[in-house]
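Written out below as structure tokens is the structure these notes cover.
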2 protein chains.
Amino acid sequence: MSKSAKFDRADVVEKATKLYWEKGFHGTSMRNLQDVVDMRPGSIYAAFGNKENLFKEALQHYAKVSFFRLSACKKASSSPLEALRTFVKSILIDTAESAPSGMCMLVKSVAELTVENAELLSESKRLLSLIESEFAAIFKEAIEQGEISASKDPKHLAQYLQIQIMGVRTYAGAHDDALAIEALIDDIFDSSVVRG
Amino acid sequence: MSKSAKFDRADVVEKATKLYWEKGFHGTSMRNLQDVVDMRPGSIYAAFGNKENLFKEALQHYAKVSFFRLSACKKASSSPLEALRTFVKSILIDTAESAPSGMCMLVKSVAELTVENAELLSESKRLLSLIESEFAAIFKEAIEQGEISASKDPKHLAQYLQIQIMGVRTYAGAHDDALAIEALIDDIFDSSVVRG
DNA sequence: GTTATTATTGAACGTCCGTTCATGGCTTTG
DNA sequence: CAAAGCCATGAACGGACGTTCAATAATAAC
């Protein structure tokens, strides 16, 4: 009947995500993308529509990977709270070495996008909210298992954790010298917000 | 001898800052700037050199305004710690209404810029460090006046405050619904990091 | 082997980018 | 009033942008 696509879509999205993550939406040109994914413009446009759509897929891929990491931390940990701690450690430390940017791609997107790319902006926000919901679910487990006081509100804790991660990653991104990340993570989980 | 410049340089920088703050470096075109400052390209280039240089002046102007605000809070407050609290309140609340963006312009710049604009990136980082130093100086006063335990390290407290401000502003920028900002500010200043 | 169908190619398009510069106008000095 | 010197102007430049599309190559079905 026909011919099937030669390129590996997942691989292309992965590479596009890395580039967008590093350079941002406006800072990345279609020609940059053509180079890293090794495709000609016609093929890219046939497969992904346009620059915005490809960015949207990159955002979703990024979020998906984050969920996988969090899920892996849950499986590898003996308690909900420890899972979160492991997750935070992994994004604050691993990321700083191998990732295209020390900062969260979703946060970078919210920072750079305006109403001129309304859909990408709202998608970034939506995905951040999704992650926060997952944090809340894990905090809820921690409360049910007695790891955290039952007087705490899982949603409030999840919001607190998001703020802390955003803060530390942004701060780390703004400093060239190495930080005492471990101590900052201790600050987060020993905070009166969590333990009080 | 000659003719003196007609335009008000301070006013132009102010307007350019607002635009850059809102749309970012890559998201702002020279034609956008020409419109908002009401100058023709030749005049802008004669006065500011190029797009990068004008952005640099915008960053410095932004930081200067931040310092003025902090200084004003010090004068209006009865103690160092209260001054910081007032300052944080002002940037988290006032800013969300009238400012071009809820997020800090320096943070947005660190988020979007790469090594391709190395000088702008390092200038953004430098200005953030300058602000952190000012925080540290105020925390030092708070310790000397007994408002905070003498066992605390002003530099560590300043770092903590930067992280919290970055976190909350970024979080607020990522949510369309109104937040309980006051409660978050209480979390910051009641934290064991400050009060423990 | 032929045909039908689809993927890939890359030149080319129109637009916008950052930037320059010859021109003309204004202001100050003598 | 004339001369000198700076400033403002905006058309124009080369190049990069996102995107399109006719031509070509590759596959699958018969």
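All chains are named by letter (A, B, ...) in the order of the sequence lines, taking the proteins before the strands, and each is independently numbered beginning at 1.
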Distance check needed: [N] [atom2] versus [X] [atom1], whole Å only.
X: A:I44; N: D:dC17; atom1: CD1; atom2: C1'; result: 14 Å
X: A:M39; N: D:dT20; atom1: CE; atom2: P; result: 15 Å
X: B:L54; N: C:dT19; atom1: CG; atom2: C1'; result: 14 Å
X: A:R40; N: C:dT9; atom1: CZ; atom2: P; result: 5 Å
X: B:L33; N: C:dT19; atom1: CG; atom2: P; result: 11 Å
X: A:H26; N: D:dC17; atom1: NE2; atom2: C1'; result: 13 Å

ask   = How is A:S29 classified with respect to the nucleic acid when contacts are heavy atoms under 4.0 Å: base, sugar-phosphate, or nothing?
value = sugar-phosphate
request  = Could you check whether B:Q34 gets within reach of a base, just the sugar-phosphate, or nothing at all, counting any heavy atom under 4.0 Å?
outcome  = base
task = Any chance you could lay out the side chain to side chain donor-acceptor pair (under 3.5 Å) test for B:Y171 and A:Q164, step after step, and finish with the verdict?
result = CA-CA 9 Å; B:Y171 185 88; A:Q164 298 307 312; over 6 Å; no
query = Can you list the steps and then say if A:H175 with B:K125 is a side chain to side chain contact (heavy atoms under 4.5 Å, CB included)?
reply = CA-CA 7 Å; A:H175 286 258; B:K125 292 180 180 180; over 6 Å; no
query = Between B:E112 and A:K108, is a salt bridge (Lys or Arg N to Asp or Glu O under 4.0 Å) present by the stated rule, with each step listed?
reply = CA-CA 7 Å; B:E112 91 156 303; A:K108 289 185 72 164; over 6 Å; no
inquiry  = If the cut-off is 4.0 Å, is A:K6 near the phosphate of C:dA7, judged by side-chain N/O to OP1 or OP2?
reply    = no
query = OP1, OP2 of D:dT19 versus side-chain N and O of A:Y45: anything below 4.0 Å?
reply = yes
